[in-house]
Every structure is written in structure tokens, then in C-alpha cells.
Enquirer: 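Here's a structure for you.
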Protein chains: 6
Amino acid sequence: MSGLTHIDAEGQARMVDVGDKAVTARVGVAEGVVLMAPDTLALILSGDAKKGDVLGTARIAGIMAAKRTHDLIPLCHPLALSSVTLDLTTGSEPPRVVVRATVKVDGRTGVEMEALTAVSVACLTVYDMVKAVDRGIRITDIRLVEKRGGKSGDYLADPA
Amino acid sequence: MSGLTHIDAEGQARMVDVGDKAVTARVGVAEGVVLMAPDTLALILSGDAKKGDVLGTARIAGIMAAKRTHDLIPLCHPLALSSVTLDLTTGSEPPRVVVRATVKVDGRTGVEMEALTAVSVACLTVYDMVKAVDRGIRITDIRLVEKRGGKSGDYLADPA
Amino acid sequence: MSGLTHIDAEGQARMVDVGDKAVTARVGVAEGVVLMAPDTLALILSGDAKKGDVLGTARIAGIMAAKRTHDLIPLCHPLALSSVTLDLTTGSEPPRVVVRATVKVDGRTGVEMEALTAVSVACLTVYDMVKAVDRGIRITDIRLVEKRGGKSGDYLADPA
Amino acid sequence: MSGLTHIDAEGQARMVDVGDKAVTARVGVAEGVVLMAPDTLALILSGDAKKGDVLGTARIAGIMAAKRTHDLIPLCHPLALSSVTLDLTTGSEPPRVVVRATVKVDGRTGVEMEALTAVSVACLTVYDMVKAVDRGIRITDIRLVEKRGGKSGDYLADPA
Amino acid sequence: MSGLTHIDAEGQARMVDVGDKAVTARVGVAEGVVLMAPDTLALILSGDAKKGDVLGTARIAGIMAAKRTHDLIPLCHPLALSSVTLDLTTGSEPPRVVVRATVKVDGRTGVEMEALTAVSVACLTVYDMVKAVDRGIRITDIRLVEKRGGKSGDYLADPA
Amino acid sequence: MSGLTHIDAEGQARMVDVGDKAVTARVGVAEGVVLMAPDTLALILSGDAKKGDVLGTARIAGIMAAKRTHDLIPLCHPLALSSVTLDLTTGSEPPRVVVRATVKVDGRTGVEMEALTAVSVACLTVYDMVKAVDRGIRITDIRLVEKRGGKSGDYLADPA
């Protein structure tokens with residue numbers, strides 16, 4: 001036994017067999033942060049439509065990425081997600097965009113990876129849209145915030 | 001003018017037109033870190049084959065993700081990448097996996113996003129494979145380390 | 001409230017949460033038309049095998065596209081489709097190919113978009129295969145013909 | 001000879017061999033229309049942010065679809081697109097959203113199909129976002145507006 | 001009637017409608033063989049890490065391919081796979097890598113194609129990684145080994 | 001040095017850097033065979049349209065798969081293929097479908113894997129369409145037949 005569910009007794013990667021798990025309502029919430037220069041944030045915020053388009057484009061990219069999680073992460077199961085929500089907010093000290101994703105499914109396995117993938121791709125999309133004016137951007141603190149449903153019990157992260 | 005190349009004069013998202021840019025050799029190097037509990041790192045490191053499989057699986061996921069960047073990030077151009085390399089190393093203070101991606105292309109636009117996407121998906125894959133034993137993992141400090149080629153000149157980030 | 005289910009109270013795009021909807025048998029039927037010059041239609045119809053290949057290729061493309069709907073349309077849910085059928089017929093006044101798609105699922109949300117996506121991609125495939133001889137082709141009248149199952153009740157469009 | 005470039009002498013579908021064609025700058029412009037009830041258009045237009053999100057989401061979906069054209073249309077060649085632009089405007093008589101896509105490439109074959117695919121998927125995305133309030137929507141008049149570059153010469157459609 | 005479930009009465013390809021089939025636990029096991037020169041096999045086996053990487057990369061590729069079966073094989077249904085396992089072993093007379101895939105689902109249709117697709121792509125990946133030193137490699141004997149669940153009954157192939 | 005181009009000095013999988021290779025015209029030809037019972041072959045051949053649809057569907061699936069090779073095989077480079085041709089023929093002793101794929105590119109690396117992937121997926125598609133009547137089908141002898149272009153010289157396999 002390796003102690004890792006994705007590694008079998010011979011040390012080989014495997015998809016965990018979830019066939020015997022119960023179908024329950026599951027929720028995963030994840031968060032991540034894009035740190036940038038003050039001027040970069042100002043550009044994102046300059047004018048409603050413009051804000052709409054940087055954050056709005058990232059929101060769409062994150063939603064679409066959640067649906068492709070199993071296609072990107074080798075050992076993730078394909079899941080018929082029932083909901084994906086992305087919230088993008090901004091803060092000024094330090095200048096940042098905060099991305100939060102909430103994913104739901106009625107399924108045999110959790111949706112933490114779907115929420116984390118949505119957050120990661122939304123952060124990358126913000127990065128892409130402002131990288132021409134700011135090369136020092138960092139994507140940071142991508143983490144699970146909450147998890148509900150399934151045998152292993154609920155989880156709520158400590159405040160960041 | 002919005003000041004952002006991906007936003008047009010009316011505040012709408014767009015792909016930048018790279019048709020007039022020169023085809024040059026371009027390199028992008030990005031890095032990211034997966035922070036975890038000491039026991040989690042120990043499990044990843046326990047035994048060659050096992051290490052091979054967690055880090056090896058993440059490496060493959062990252063390479064494949066680099067090739068799908070334009071399919072994930074809405075305004076990225078499709079590019080015929082000539083090389084993708086992923087290096088995964090571990091460190092103990094704090095316990096972590098460090099992912100570094102180097103991407104090359106002969107093309108009209110840079111490969112920063114390809115390197116950053118490779119890093120992000122490799123980090124998510126490490127996360128996925130150890131999440132059952134450690135819910136407090138964080139993916140952090142995803143950033144551009146180096147960029148060469150193209151009109152905007154070379155870039156080398158300050159040491160982390 | 002925006003009045004649109006895909007837009008939340010703050011005017012932001014979202015996937016509708018279908019977690020509380022019942023799993024029922026649902027059917028969606030859509031149609032579309034490719035209008036072309038008489039000679040173009042004659043070429044499509046010249047010889048069984050050839051007809052087979054233009055219309056047959058479009059049929060396969062439409063079936064495959066139905067399965068990718070959630071990957072193309074940002075706010076569509078992934079669904080385990082139980083059936084996709086494409087019927088392609090031709091008519092002469094005006095010269096045209098008519099594409100009809102029928103999609104079925106046992107799920108929490110309807111399959112109108114899957115049927116419409118199948119029709120659209122099949123029409124585009126017909127277009128692609130004859131565009132070299134006819135630049136004036138139009139794809140037109142893509143619409144929902146019928147919808148069954150789900151809480152909002154059945155729908156049958158008026159004849160075209 | 002079948003008269004169709006995508007059908008060989010035996011009536012079988014094939015990708016045209018473009019290996020001997022010259023690499024030139026090529027442009028394709030396509031258009032399509034989504035017809036809807038007046039109230040549906042009013043909902044789309046009610047409030048800037050909301051307008052941003054229906055049309056903005058469709059714009060992103062269209063841009064991403066252009067990049068996947070070769071993955072959807074069986075006989076299309078993969079191309080390293082240098083630019084994709086989507087313009088969505090509205091009109092009131094009849095109530096409608098008009099989608100126009102402009103795609104550019106330096107390549108061996110044209111980008112008509114990329115422009116038409118972008119238009120189709122953007123129209124489907126508008127449809128998806130308003131279908132809950134209006135089942136009579138039609139997507140219509142998807143057609144090539146302009147084509148430049150390549151041996152077959154330029155093309156400009158008659159005004160609609 | 002054509003006698004083939006995927007061909008309708010008019011000889012046209014179709015997805016079989018599985019809406020009326022029962023959801024049962026289903027298993028598919030498939031196998032395939034990559035034949036190579038003795039020196040090629042020796043290179044694959046030279047050193048644990050290296051072996052890990054050729055066979056490990058093929059294992060990941062096979063797992064990911066199983067999840068994309070419905071995206072590759074036109075008439076396959078999308079399925080929420082509950083488990084995919086790939087076993088790669090080597091043999092010396094003749095020098096070969098043997099790939100075995102086991103796929104499970106609780107669904108309305110079997111997973112033979114998912115197992116066969118996983119095997120095929122894993123074999124192709126082995127091929128890719130050693131082709132520079134051996135152009136005479138053959139992929140052979142890809143076949144269904146076992147099938148359980150569903151109305152048509154269980155199946156166990158004769159030993160190879 | 002591992003002796004394998006896809007494995008680096010530390011035994012880790014990598015994409016070969018092709019940035020320094022010349023862009024030349026390259027061709028790859030591959031072949032594979034689907035062995036089946038005589039009655040199964042008879043069903044495939046019964047009637048032109050039907051034959052068209054089994055073999056025609058497999059042809060389209062193979063062409064589309066060639067374009068996705070880099071998305072399936074982890075270390076393959078994305079390439080702008082200029083041509084993909086699939087030929088499917090039948091033979092009776094033993095009863096079989098023979099699939100041959102020819103792929104061309106002007107690029108920095110060869111297209112053997114694209115041809116082999118096209119063959120594999122076309123064979124799997126034939127399998128899928130007749131598996132309900134014949135569980136003993138085998139896909140066999142997938143191999144490179146010919147390779148032209150590139151520094152390593154041309155290759156022509158011995159007759160099967």
C-alpha cells in the first residue's frame with residue numbers, strides 16, 4: 001500500500017474505482033488570487049464595459065474549464081456537473097483579483113478538482129489579458145475552501 | 001484605447017492580431033509551487049516508483065496541457081510548439097513540489113501562457129493525487145520566470 | 001433579477017443549477033437548411049456513393065458535435081446522451097439540404113442545444129464540402145422543432 | 001472526378017492536399033443573424049452589464065469555436081490563426097442580434113469555415129442564454145461576406 | 001434491417017438509442033501487444049526510472065484516452081466511467097509490451113470500446129517513445145478479453 | 001543518455017525539441033487490419049449504402065483522429081497537417097478490413113504517429129459498428145509502411 005489512493009500497490013498511477021460509492025449531492029468551493037501592480041488593477045477597473053470584459057472573459061473560461069477537468073487531470077473521473085459558478089472580485093491591498101468557484105454534482109465522487117481547475121484557468125485568463133502591461137503578475141493561494149457531501153465528511157478551510 | 005491589448009476601443013475582448021509580427025524563436029519559462037504537509041511530501045517521496053508516478057503523472061499532464069493552452073485560454077493563439085519540458089523537484093522547508101515549465105516555439109507570439117498553463121495543470125495533478133491525505137494543500141507563486149524572443153524584448157524575473 | 005436564467009442578479013453569466021430538477025426522459029428535435037445553387041445540389045446528388053459521402057460526412061460530424069455541445073456552448077451542462085439521430089434530406093425548390101437532429105437523454109436538463117448544435121455543425125460540414133463550387137451558400141432557419149420532457153412542458157413548433 | 005474537391009474519384013470524402021499551395025495572408029468574414037421576439041431583445045439590452053454578459057459570452061464562445069473548427073468539421077485543415085474578431089450588434093426590425101466574425105491567417109488554405117463556425121457557435125450561445133424566455137428563436141442567414149487571399153481570388157458577397 | 005445496430009434501415013450510420021436499457025454495473029477488459037526488436041525492449045527495461053517513464057507515460061495516455069472514447073469513435077455514447085485501470089507488462093519471446101485495460105461503469109451501455117481505445121492509445125504511446133530506434137514495431141492483437149453486465153450476457157474470450 | 005529520444009538523462013519523459021530541425025515536406029503511411037468472421041464482413045458489404053456507412057464512418061473518424069494525434073499521444077508535437085487520406089479495403093482470406101492512412105505535412109517533424117493514430121481509430125470505429133454481431137474481432141498488424149522526408153531518411157517497410 002502506498003498510502004495514496006491514486007497509486008496502487010506497485011507504485012503505479014490509477015483512477016480510483018468509485019463504482020461502490022453512493023451517489024450523493026456534493027459541493028466543492030475553491031479560491032485563488034491574481035496579484036498585480038496597482039496600475040494593472042486600475043486598467044481592469046477602468047470603465048464598466050472593460051471590467052466586464054476582463055473579469056467576464058475569465059469567468060467564462062473558468063466555467064468551461066470546470067467541464068474539462070477530467071480531460072486535463074489524468075486521474076479525475078468524468079462527471080455530469082449540475083452547476084458551476086465563478087465569482088471574481090477585486091481588492092486593493094495588495095492589488096488583486098480574487099477568483100472563487102463553486103461546483104455542484106450529484107455523483108459518486110467530489111468536485112474539488114473541478115472547482116480548483118475553474119479557479120486556475122480563470123486566473124490564467126486574467127493573467128493573459130493583462131500580461132502585456134505587467135510582467136510581474138503572480139497567481140497564488142489556489143486552495144480548497146469548502147467541500148460538502150461524500151463519505152469523508154464536510155470540510156471548511158480556515159480563513160485565509 | 002483601453003490600455004489592454006486584449007480589449008478593443010469599445011471595451012470588448014478580442015484576440016490580438018499577430019499577423020504582422022515576425023516569426024522568431026521564442027522561449028517561455030514559468031514556475032509554480034505546491035505547498036503541503038510534511039507527511040504528504042514523504043508519501044510522494046516514498047520509493048522510486050511511487051515518486052516516479054506522482055511526479056511523472058504531473059509531468060505528462062503538464063506537457064499535454066501546454067498543447068491545449070489555446071483551447072483553454074480564450075484569447076490565446078494556437079501555436080505549433082517545438083518543445084515542452086517540465087521539471088518537478090521537491091523541497092522540505094516548507095514541504096513542497098516545485099514545477100518549472102520551459103516552452104519553445106518559432107512563431108509570431110510568445111509562449112508565456114503555454115508555460116504557465118503547463119505549470120498550473122501539473123500543480124493541479126499533484127494536488128489531485130495527494131488530496132485524499134491532505135486537504136490543506138495550496139498551489140502558489142505561479143509566475144513567469146523568463147521570456148526570450150519577440151519585439152518586446154527579453155525578460156528575466158527577480159529571484160523568487 | 002435579470003429575467004434571463006443564465007444571467008444572475010448582478011448581470012453575470014452563470015450555469016443554471018439543475019441539481020434540484022428531476023431526472024426525466026427528454027427529447028429535443030431541431031432543424032436547419034442549407035440553401036445552394038441548383039448545380040451544387042446536382043453535384044451532391046450525382047451518384048449514390050457521392051451523395052453518401054457529402055451527406056454521410058455531415059451526419060457523422062453532426063452526431064459528434066452533439067456530444068461536444070457542453071464543450072462549445074459556455075453555459076450548457078455536460079449530459080450522458082442516450083441517442084443522437086441526424087436525418088439529411090434534399091429538396092429542389094429552392095435547392096437545399098435539410099438537416100434534422102433528434103437527441104434524447106435521461107437527465108436533469110433538456111437537449112435543445114445538443115440538437116441545435118448537431119444541426120449547425122452538419123450544415124457547416126455540407127457547406128465546407130461544396131464551398132469550392134458555390135460561394136453563395138446560406139445556412140438558414142436553424143430552429144427548435146420539438147421538445148419533450150421536463151417541468152416546462154412539451155413544445156411543438158408551428159410548421160415552417 | 002466528382003466536381004467536388006472534398007470527394008475523390010471513387011466518391012469518398014477526403015481532406016484536400018494543400019501542401020503545394022502558397023502561404024499567403026488570408027481573411028474570411030462571415031455573418032449570421034439570431035431572430036427573436038421584441039421582449040427577448042429588450043431583456044438582452046436591459047442594462048449595460050447584462051448586455052455585456054449575453055453578447056460578451058457569445059463573443060468568447062465564437063472566438064474559442066473558431067480555434068476548434070478543424071476539430072468539428074471533418075475535412076478542415078488545422079491552422080495557426082493569427083486573429084479572430086467577433087462583432088455582435090442588435091437591430092429592432094425585426095428584433096435581432098447580428099454576429100459578424102473576421103478571421104485571419106498566414107496559411108495555405110482559407111479561413112471561411114473558421115469564420116462561419118465562429119458565427120454559428122456565437123449564435124447558438126445567444127440562443128442558449130435566452131431560450132428559457134423565447135422558444136421561437138431562429139438562427140438564420142449564416143453566410144460568407146468576404147474572402148481575401150489565395151489563388152481563387154477575392155470574393156465580396158452582395159449586400160444581404 | 002441491415003443486421004448491424006449502428007446502421008439504420010436506410011443504411012445510414014446512427015447512435016443506438018440506449019434510453020430503454022437498464023443501468024447496470026458493466027466491465028470491459030481489452031488487450032493489445034506491441035512487438036519490437038530485442039534491443040528496443042532492452043532500452044525500455046534499462047533502469048527503473050526509465051521503464052517507469054515509457055510504460056508510465058503510456059499508462060497515463062491510455063487512461064486519458066478511455067475518457068475520450070466518445071469523442072473519437074463517432075457512434076459511442078458519453079459515459080461517466082467509474083474506473084479505468086491500465087496494466088503494462090513486458091515479455092521476451094517475442095520481445096513485446098502487453099497492454100491490458102479494465103474499464104468499469106454503472107451505465108446503460110457497455111465499455112468495450114473504452115477499454116479497446118485505452119489499449120490502442122497506450123500501444124501508440126509506447127510506439128511513439130521508441131520509434132526513433134526501431135521502425136519495424138507492430139501493434140497487434142487488440143481484442144476484447146472480457147465483458148460483464150448488460151442484457152447480452154457475459155463474455156470471456158478464449159486464451160490468446 | 002537513455003538511448004531513447006523521448007527520455008532524458010534522468011529517465012524522464014520529454015517532448016523532443018524540434019526547433020532546430022528544418023521544415024521539409026514529410027509523408028507518413030501506415031496500415032492496420034481488422035479481422036472478423038465471414039458473416040460480419042458480409043454484413044459490411046451488403047449493399048452499397050451500408051458499405052458506405054461502415055467504411056465511410058471509419059474513414060471520417062480516422063481523418064479526425066489524425067488531427068488530434070498531439071492531443072492523445074503525450075509527447076507528439078502539434079502539426080499543421082496539409083493532407084490526410086484514408087483508404088479502407090476489404091479482403092476475404094481471412095475476412096478483413098484493411099485500413100491505410102497517408103498523412104502529409106510541411107513541418108519540423110514526421111507524421112508517422114498521425115498516420116498510425118488515424119489507422120487505429122478507423123479500425124476501432126469498424127470494430128464498434130460490428131461488435132454487436134461479432135465479439136471475436138481483432139485489430140492487428142498496425143505498422144508504419146512508408147516514411148519520407150526529414151534528416152533520418154526515407155523508409156519503406158518490407159511487404160507484410
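It should be emphasised that the depicted structure is a prediction, and the values quoted were computed from it without experimental measurement. Here is how names work: the chains are called A, B, and so on, in the same order as the sequence lines, proteins then strands, and each is numbered from 1.
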Enquirer: With a 4.5 Å heavy-atom cut-off, do D71(A) and M64(E) have their side chains touching?
Expert: no
Enquirer: Holding to salt bridge (Lys or Arg N to Asp or Glu O under 4.0 Å), I want the full list of residues that pass it with K67(E), two or more places apart in sequence or in another chain.
Expert: none
Enquirer: Hey, which of D20(A), T109(A), V18(A) is the one that makes side chain to side chain contact (heavy atoms under 4.5 Å, CB included) with S82(E)?
Expert: V18(A)
Enquirer: Return the NE2 to CG distance between H77(A) and L81(E), rounded to the nearest 0.5 Å.
Expert: 8.5 Å
Enquirer: Are there residues of residues 93-108 of chain A that reach to under 4.5 Å of chain E by heavy atoms, and which ones?
Expert: R108(A)
Enquirer: Which atoms form the tightest heavy-atom contact between L79(E) and P78(A), and what is the distance?
Expert: O-CG, 3.9 Å
Enquirer: I'd like to know whether CZ of R148(A) has more than 12 heavy-atom contacts from other residues, nucleotides or ligands below 6.0 angstrom.
Expert: no
Enquirer: Say you draw a straight line from CG of L86(E) to CD of Q12(A); how long is it, rounded to the nearest 0.5 Å?
Expert: 9.5 Å
Enquirer: If you take all heavy atoms of P74(A) and I63(E), which pair is closest and at what distance?
Expert: O-CG2, 3.5 Å
Enquirer: Relative to chain E, which segment of L75(A) carries a heavy atom at a distance below 4.5 Å: side chain, backbone, both, or neither?
Expert: both
Enquirer: Counting only non-hydrogen atoms closer than 4.5 Å, does A80(E) touch chain A with its backbone (N, CA, C, O), its side chain (CB onward), both, or neither?
Expert: both
